[in-house]
Amino acid sequence: MTIQSENPAEAGRFGRFGGRYVPEALIPALDEIAALYAEIKDDPEFQGEFQHLLHSYAGRPTPITEVRRFAEHAGGARILLKREDLTHTGAHKVNNVLGQALLTKRMGKTRVIAETGAGQHGVATATACALLGLDCVIYMGEVDTERQALNVARMKLLGATVIPVKTGSRTLKDAINEAFRDWVANVDHTHYLFGTVAGPHPFPDIVRDFARIIGVEARQQVLDLTGRLPDAVAACVGGGSNAIGIFSAFIPDTGVALHGYEAAGRGVETGEHAATLTEGSVGVLHGARTYLLQDEEGQTLESHSISAGLDYPGVGPEHAWLKDSGRASYHAVTDEAAMNAFALLARTEGIIPAIESSHALAGVLELGRELGPDATILVNLSGRGDKDMGTAMTYFNL
Amino acid sequence: MTSLSTVFEKTRAEGRAALVGYLPAGFPSAEGCVAAATAMVEAGCDVIEVGLPYSDPLMDGPTIQDAVHRAMVNGTRIADVFRAVEGIAATGAATLVMTYWNPVYRYGAERFASSLASAGGVGVITPDLTPEVAGPWREAAAGAGLDTVFLVAPSSTEERIAAVTECCSGFVYAASLMGVTGARASVGAAAEGLVARTRAHTDLPVCVGLGVGTGAQAAEVAAYADGVIVGSAFIRRLLDAPDEATGLKGVTALAEELAAGVRSRA
């Protein structure tokens, strides 16, 4: 649902957020993508192809799992996990990349570039490109290539070229800058397969729509299982694509509370965090007006999170709008609380979650106690934790 | 304070293109930037663009990224940008600021425009603002009497060139190629065609930037454009020099070469 701004000439606005703040050179490409996307959005042939890949390749629909032993630690509320960790490649990212890779083919482009933080979007992109025969280049901050070496190896094995980005803070935001630089120079044959609901219009719309299957499935599954809608839906928020994916199906259900959990890192008071919505201010980053971490002169601040996937100083503009409109609420969860929830889910349920998703799990431990034993909470388990075992070994001295 | 219209009246009367040089404020140091820009003016630059160092310069190639990074490590703030403008405008060159939008938005567009005008700046180039989102800045700039320079690119349609030039004052910045800033072996082949297409929509001067770094390239561009914009090649002279004095000599030599180029119109 795109909210029209007061100025209808400004496409892709969510209230006062979103828009396009990019070099003129990229506008025709963004227009081309927007026009083609408008065409294929409701095209049965394209949607059929997309749904077929989601079922036969990505492993959809993913189940929901009730976690009773975990829920004992959350005041006894009924907790249901949407199991995006069970998709092919191990995280929800696969939904968006399959959609955009098909879009790339439709545009007649042969090369795909993408940014990645934790490496999940990079792995998913490399996977879709291998499947559909597209050249693939992944930009990844040098810091992230070190902490996610296993994913770098995966991408290479899948045939992608991984370029470590050595500028700025050498993390996700710098990888995005570098991908934009590549795109400006190669836009005639290259699609920038954006990994989250941030960036210039139409990326926030496209990525949301391709991720929306998460919420559509989960809403029906919760109804089937419990006979009613959940009281709350929870998800972690970095750029915000898994959260938008599960939220968007529930936005019209005003009785369902939406909770997003950002990374408080070492604690928001330390300044070392990635709590964009709860601690940031309004500005422009990576082509959209949104909340971001910035100093008083508009310089982007470096973010921190133990999870590379949440370590981003911006956030998708639709989340900024959901926050301001009051439809969703956002909270910050520390590295420590997330790691405790990570270990707790493993011990109580035999599921090792991604550290990103563990932020939502930690939030739900508290939310469950607030809402009490009669409440049902749906949590997006956005990815699995295999990639995080190195971090876990260090953190827990395993 | 020299206005852009004065500069282009003069260069047109002299039958040549204008030479526009770029340096980020605070690079190689606060004083070094003003000294280098002054040397560039003395050697023949008509217009100076002062870059506002920004954390996420997504239209800039490695050379400008490096310089901007150093400027930020040097602690360069927006007040330093205005001080640099003041120092450079004192040379008599028309002085602009080139900046991404977020620092201006955060500082306050009106406050930014009036501070820049007070420092003697005559305009701003905004590489990540397009007509659709330029409204607030154009209003603030008009209030302070600043020119607003926006970019057209080889990928721009006729409709978009019309929209962009409609928003421009002072001159139109034509990006010579699809890519980021940085000197290249040859100027994009699309540049001449883009300038011609742009002229069909406006009487404003059209200046070409991206990829120009030698006197021969300046002469080539000067044959069809009203101005030649050079940034990375100047920065490269300063980055490669063992000390600031050598860097200044290098900058002077390059400005002289380029100034001869814009006068020869090869």
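What you see is a predicted model; the values in this text were computed from it and never measured. Every chain is numbered from 1 and lettered A, B, ... according to where its sequence line falls, protein lines coming before strand lines. Worth knowing before you read on, the calculation uses all heavy atoms, side chains too, and leaves out hydrogens, waters and symmetry mates.
- Minimum heavy-atom separation, B:S155 to A:P28: O-CG, 3.1 Å.
- Looking at A:L292, the atoms closer than 4.5 Å to chain B (heavy atoms on both sides) all sit in the side chain, from C-beta outward.
- Within the 4.5 angstrom heavy-atom criterion, only backbone atoms of B:V152 (N, CA, C, O) approach chain A.
- Residue-level contacts of residues 134-146 of chain A with chain B do not occur; threshold 4.5 Å between heavy atoms.
- For A:D295, the parts lying under 4.5 angstrom from a heavy atom of chain B are both the backbone and the side chain.
- In this structure, the portion of A:E178 lying under 4.5 Å from any heavy atom of chain B is its side chain and not its backbone.
- Per-residue heavy-atom pair counts under 4.5 Å with chain B were compared for A:A29, A:G283, A:A185, and the maximum is reached by A:A185.
- Ranked by heavy-atom pairs shorter than 4.5 Å toward chain B, the options A:N186, A:I27, A:D31 are led by A:I27.
- For B:D60, the part lying near chain A is the backbone, with the side chain staying farther off; criterion is any non-hydrogen pair under 4.5 Å.
- With hydrogens and angles left out, the side-chain atoms of B:H201 and B:E158 include a donor and acceptor closer than 3.5 Å.
- Ion pairing of A:E297 with B:R77 is present here, as a side-chain N (NZ or NE/NH1/NH2) and a carboxylate O approach within less than 4.0 Å.
- Heavy-atom distances place the side chain of A:V187, and not its backbone, under 4.5 Å from chain B.
- No side-chain N or O of A:N96 forms a donor-acceptor pair with one of A:H121 less than 3.5 Å apart.
- With chain B as the partner, the residue from A:D174, A:L26, A:V282 showing the most heavy-atom pairs under 4.5 Å is A:V282.
- Under the 4.0 Å criterion applied to side-chain N and carboxylate O atoms, B:R199 and B:D226 are assigned as salt-bridge partners.
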